There are 2 protein chains.
Amino acid sequence: MSPSDPPAPDPAACPPHKPDPRIQQPDAPDACTPEGTGHADRFTRAREAQAQALLEDYVEMIGDLIEQLGEARVADIAARMGVAQPTATKAIARLKREGLATARPYRGVFLTETGARMADRVRVRHRTVVEVLVAVGVPRDLAELDAEGIEHHVSSQTLAAFQSYLDQRG
Amino acid sequence: MSPSDPPAPDPAACPPHKPDPRIQQPDAPDACTPEGTGHADRFTRAREAQAQALLEDYVEMIGDLIEQLGEARVADIAARMGVAQPTATKAIARLKREGLATARPYRGVFLTETGARMADRVRVRHRTVVEVLVAVGVPRDLAELDAEGIEHHVSSQTLAAFQSYLDQRG
DNA sequence: TCGGCAATATAGCCGTTGCTAACTTGATGA
DNA sequence: TCATCAAGTTAGCAACGGCTATATTGCCGA
Ligand SMILES: [Mn+2]
Ligand SMILES: [Mn+2]
Ligand SMILES: [Mn+2]
Ligand SMILES: [Mn+2]
């Protein structure tokens with residue numbers, strides 16, 4: 001596993017990189033070929049989830065701000081996200097592009113119907129993730145921290161399993 | 001929550017954006033000011049975890065490939081990550097920059113001591129996350145998928161809690 | 001009313017992570 | 001031996017998400 005320790009491949013097991021045009025039917029998964037393990041989709045999936053994460057957090061937070069303060073200002077959004085104001089403005093531009101928010105320049109930011117629905121969904125999921133973490137023994141403060149990243153990778157089916165788990169253990 | 005529904009802020013509760021130079025001591029958390037809630041660190045933390053995610057996945061996978069095939073080739077890395085070869089090459093360049101891997105051009109990729117240690121740590125964490133998900137009722141296939149993203153946001157303390165949970169419930 | 005200032009927007013930089021197209025290299029087999 | 005061609009690299013593009021510096025706007029109080 002170190003550069004000075006060149007690997008000793010077992011030549012009998014998995015001859016690497018000798019394209020063997022013999023009996024291979026092209027769509028049969030080959031145990032000796034990395035593609036055969038089908039791990040790639042996992043990473044693609046995780047990347048897609050991550051691409052949504054920023055939108056989800058902004059939308060949830062804008063919903064919170066409107067609820068708590070009556071409006072969502074760029075300065076407040078930026079402060080809560082821990083970014084500079086132009087960064088928040090740029091993110092809001094993306095929210096608008098994706099139909100999740102609207103904004104009147106130099107005024108507040110508002111959620112569309114779609115955005116508001118996403119905010120609610122994300123808020124529920126966030127709370128459920130925290131509760132599951134607490135239920136398995138994570139201190140609540142820490143659960144709150146870790147959940148902020150974890151939540152975006154919890155699929156709806158996994159979320160359903162979480163809810164069952166919490167219900168059934170009262 | 002919609003643009004046509006301008007918020008009705010409770011003016012008595014939290015007068016927004018009137019900088020009130022009165023009795024405020026500057027470092028006292030203000031309940032009416034979003035910064036006072038101290039949520040920003042959470043997101044900063046999640047962003048930092050995410051910045052590590054790519055490195056962690058590559059390092060783990062390179063370790064797997066060396067173990068399984070005796071060597072880690074760019075083509076195999078790219079295939080398993082579900083990206084194009086130049087994307088893998090670029091990621092490997094970052095691994096080298098960060099002291100996690102070395103590579104002989106046109107030959108294989110190798111892990112440094114640091115990289116190998118990270119690979120082991122990440123592999124253990126990945127398995128633990130999957131086992132916790134399974135333990136709370138997530139089907140194993142799905143647990144494997146979701147864990148690929150979740151793992152990177154599980155802090156070492158949360159991981160310790162996960163391990164205790166798994167131990168204590170046999 | 002209107003000048004000043006705080007909030008917001010814009011411009012432009014950087015690094016990361018994808019991609020495709022084109023070039024280089026080196027291993028293989030005839 | 002050496003031509004071929006798969007594997008790898010390089011070049012260059014785009015989108016995203018940070019940032020700072022600067023321009024703009026609109027709100028409030030004098
Ligand atoms: Mn989050
Ligand atoms: Mn959240
Ligand atoms: Mn992962
Ligand atoms: Mn993993």
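To find a chain, count down the sequence lines: A is the first, B the second, and so on, and within it residues start at 1. The model shown is predicted, which means the values in this text are computed figures rather than measured ones.
In this structure, the side chains of B:L133 and B:E144 stay at 4.5 Å or more apart for every pair of heavy atoms.
Here A:H153 and B:H153 bring their ring centres to under 6.0 angstrom of each other.
Taking atom CD of A:E98 as the reference point, atom P of D:dA15 lies 13 Å away to the nearest angstrom. If you measure from atom CD of B:E71 to atom P of D:dA7, you get 12 Å, rounded to the nearest angstrom. Residue A:E56 contributes atom CD, which lies 16 Å from atom C1' of D:dG17 at whole-angstrom precision. The distance from atom NE2 of A:H152 to atom P of D:dG17 is 12 Å, rounded to the nearest whole Å. Nucleotide C:dT20 holds its P atom 12 Å from the NZ atom of B:K90, rounded to whole Å. In this structure, A:E48 atom CD and D:dC16 atom P are separated by 15 Å, rounded to whole Å. What separates NZ of B:K96 from P of D:dG8 is a distance of 13 Å, to the nearest Å. Atom CG in A:L55 sits roughly 13 Å away from atom C1' in D:dA15 (whole-Å rounding).
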**OP:** Could you please spell out the steps behind the side-chain contact (heavy atoms from CB on, under 4.5 Å) verdict for B:F43 and A:L54?
**Re:** CA-CA 10 Å; B:F43 295 104; A:L54 195 92; over 6 Å; no
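Nearest-nucleotide assignment on DNA chain C puts the 5′-proximal partner with A:A103, out of B:R107 and A:A103. Closest-nucleotide positions on DNA chain D for B:P105 and A:Q85 were compared, and the one nearer the 5' end corresponds to B:P105. Between A:G108 and A:R47, the residue anchored closer to the 5' end of DNA chain C is A:G108, taking for each the nucleotide with the nearest heavy atom.
B:T87 places no side-chain N or O within 3.5 Å of a backbone atom of B:V83 that could act as its donor or acceptor partner.
B:P86 comes within 4.0 angstrom of a nucleotide base, judged by non-hydrogen atoms across all strands.
Each of A:R123, A:R121, A:H152 was evaluated against A:E56; a single residue qualifies, A:H152, per the side-chain hydrogen bond (donor to acceptor under 3.5 Å, both in side chains) test.
The side chain of A:V83 sits closest to D:dC19 out of C:dT17, C:dA9, D:dC19. Of all nucleotides listed (C:dG18, D:dG18, D:dG8), C:dG18 comes nearest to the side chain of B:Y58.
At D:dT9, one or more side-chain N or O atoms of B:T89 fall inside 4.0 Å of OP1 or OP2 (strictly under the cut-off). For C:dG15, neither phosphate oxygen OP1 nor OP2 lies less than 4.0 angstrom from any side-chain nitrogen or oxygen of B:R94. OP1 or OP2 of C:dT16 lies within a sub-4.0 Å distance of a side-chain N or O belonging to B:R97. The phosphate of C:dT8 has OP1 or OP2 within less than 4.0 Å of a side-chain N or O from A:R73. Taking 4.0 angstrom as the limit, B:T87 places a side-chain polar atom (N or O) nearer than this to OP1 or OP2 of C:dC19.
Taking 3.5 Å as the limit, the base of D:dT9 and the side chain of B:Y106 contain no donor-acceptor pair of atoms between them.
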